[in-house]
Asker: 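Before we start, here is the structure in question, set down as structure tokens.
Only a predicted model underlies this, so the values are computations on that prediction, with no experimental measurement involved. Protein chains get the first letters and strands the later ones, always in sequence-line order, with residue 1 at the start of each.
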Amino acid sequence: MPEIILQHFYNRDPAIVARELLGKLLVRIIDGIRLSGYIVETEAYYGPEDPASRARRGGDLARTMRGAVGYTLIYGIHRQWLLNIVAHPPECYGAVLIRAIEPLEGIEYMMRYRGRYNIHELTNGPGRLTRALRIDKSLHRKPVFKSESLLRIEKGIDVDVKDIAVSYRIGVSKDLDRPLRFYIRGNKFVSKK
DNA sequence: AGGAAGATCTACT
DNA sequence: GTAGATCTTCCTA
């Protein structure tokens with residue numbers, strides 16, 4: 001039986017959650033088919049004090065980032081959907097962006113749907129993985145800690161601390177002074193070295 | 001009602 | 001390496 005990750009896992013600092021999400025299994029059920037992949041790259045985002053955070057702009061995204069943890073936060077940019085998980089201590093803002101996964105189940109389905117047949121180009125980027133897993137705005141604000149969710153996070157593999165690499169975030173024009181991107185060193189499915 | 005910004009991806013040179 | 005595609009969201013008037 002697959003083991004779901006419980007809600008309290010997300011009730012911590014987003015950087016901690018981002019690091020510990022590495023190796024977890026992202027599972028998507030679509031048309032009764034199970035698609036999945038190990039999370040191999042994440043980024044942590046904070047509240048309005050974070051120049052790269054969507055919380056800065058207010059509105060629904062900011063409210064969601066301060067709302068219940070363990071829920072999806074999905075927003076569009078440049079015609080793609082980006083998947084985040086709300087994660088923060090009580091009364092704070094925070095979310096973790098899922099940037100890349102290593103495909104495990106349903107690889108053929110993902111290839112057909114995305115029209116890409118090179119496995120290394122299937123899910124190595126935040127916009128790419130949402131397309132491969134058919135994730136869109138209809139999955140916004142849904143719990144990933146329930147075993148019946150169509151998009152959820154399950155226990156995956158243990159990642160050794162020494163295999164975790166850290167860098168500054170990618171694609172942001174103004175970053176914080178501390179590196180908030182986490183990825184599995186040497187993994188072939190990470191979006192960038 | 002309009003405008004601007006943006007946590008990207010792809011194709012082409 | 002870089003330009004351009006093309007969409008959602010929020011802010012201002």
Asker: Apply salt bridge (Lys or Arg N to Asp or Glu O under 4.0 Å) to A/Arg12 and A/Glu20, showing your working.
Answerer: CA-CA 11 Å; A/Arg12 296 177 291 169; A/Glu20 296 204 7; 3.2 Å; yes
Asker: Nearest-Å distance, CG (A/Leu73) to C1' (B/dG6)?
Answerer: 15 Å
Asker: Whether the A/Arg28 and A/Tyr109 side chains hold a donor-acceptor pair (N or O, under 3.5 Å, no angle test) is what I'd like checked.
Answerer: no
Asker: Can you find a side-chain donor-acceptor pair between A/Ser191 and A/Arg99 that sits under 3.5 Å?
Answerer: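 Looking only at side-chain atoms, A/Arg99 and A/Ser191 do form a donor-acceptor pair, the distance falling under 3.5 Å.
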Asker: For A/Ser53 and A/Met65, work out which heavy atoms get closest and say how close.
Answerer: OG-CE, 3.5 Å
Asker: Can you tell me how far C1' of B/dT8 sits from CZ of A/Arg128, to the nearest Å?
Answerer: 9 Å
Asker: Measure across A/Glu121 and A/Arg114 and return the closest heavy-atom pair with its distance rounded to 0.1 Å.
Answerer: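 Heavy-atom minimum between the residues: O-NH2, 2.8 Å.
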Asker: Taking the ring centre of each residue, are A/Phe145 and A/Tyr71 less than 6.0 Å apart?
Answerer: yes
Asker: Side chains of A/Ile184 and A/Ile39: closer than 4.5 Å at any heavy-atom pair?
Answerer: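 When only atoms from C-beta onward are counted, A/Ile39 and A/Ile184 do not touch, as no gap falls below 4.5 Å.
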Asker: Distance check needed: C/dC11 P versus A/Arg56 CZ, whole Å only.
Answerer: 13 Å
Asker: State whether a side-chain donor-acceptor pair under 3.5 Å links A/Asp60 with A/His140.
Answerer: yes
Asker: Less than 3.5 Å apart, any donor N or O on the side chain of A/Thr64 or A/Arg141 sitting next to an acceptor on the other?
Answerer: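 Short answer, yes.
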Asker: Which parts of residues 168-177 of chain A get close to DNA chain B, meaning a heavy atom less than 4.0 angstrom away?
Answerer: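 Heavy-atom contacts with DNA chain B come from A/Ile170, A/Gly171, A/Val172.
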Asker: Could you tell me the separation between the OH atom of A/Tyr93 and the P atom of B/dA7, rounded to a whole number of Å?
Answerer: 17 Å
Asker: Enumerate the residues from residues 110-118 of chain A whose closest heavy atom to DNA chain B is under 4.0 Å, giving them by residue number; use none for an empty result.
Answerer: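 Listed by number, they are A/Arg114, A/Arg116.
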Asker: Across nucleotides 5-10 of chain C, 5' to 3', mark each nucleotide with B, S or - according to how protein heavy atoms within less than 4.0 Å reach it.
Answerer: BSBSSS
Asker: Could you tell me the Watson-Crick or G-U partner of B/dT8, where both distances fall under 3.5 Å? Say none if there is no partner.
Answerer: C/dA5
Asker: What is the distance from CD1 of A/Ile98 to C1' of B/dT8, rounded to the nearest Å?
Answerer: 17 Å
Asker: Have A/Asp13 and A/Tyr46 got a donor and an acceptor in their side chains that come within less than 3.5 Å?
Answerer: yes
Asker: Under the side chain to side chain contact (heavy atoms under 4.5 Å, CB included) rule, what do A/Tyr113 and A/Ile30 come out as? Steps first, then yes or no, please.
Answerer: CA-CA 12 Å; A/Tyr113 187 71; A/Ile30 186 96; over 6 Å; no
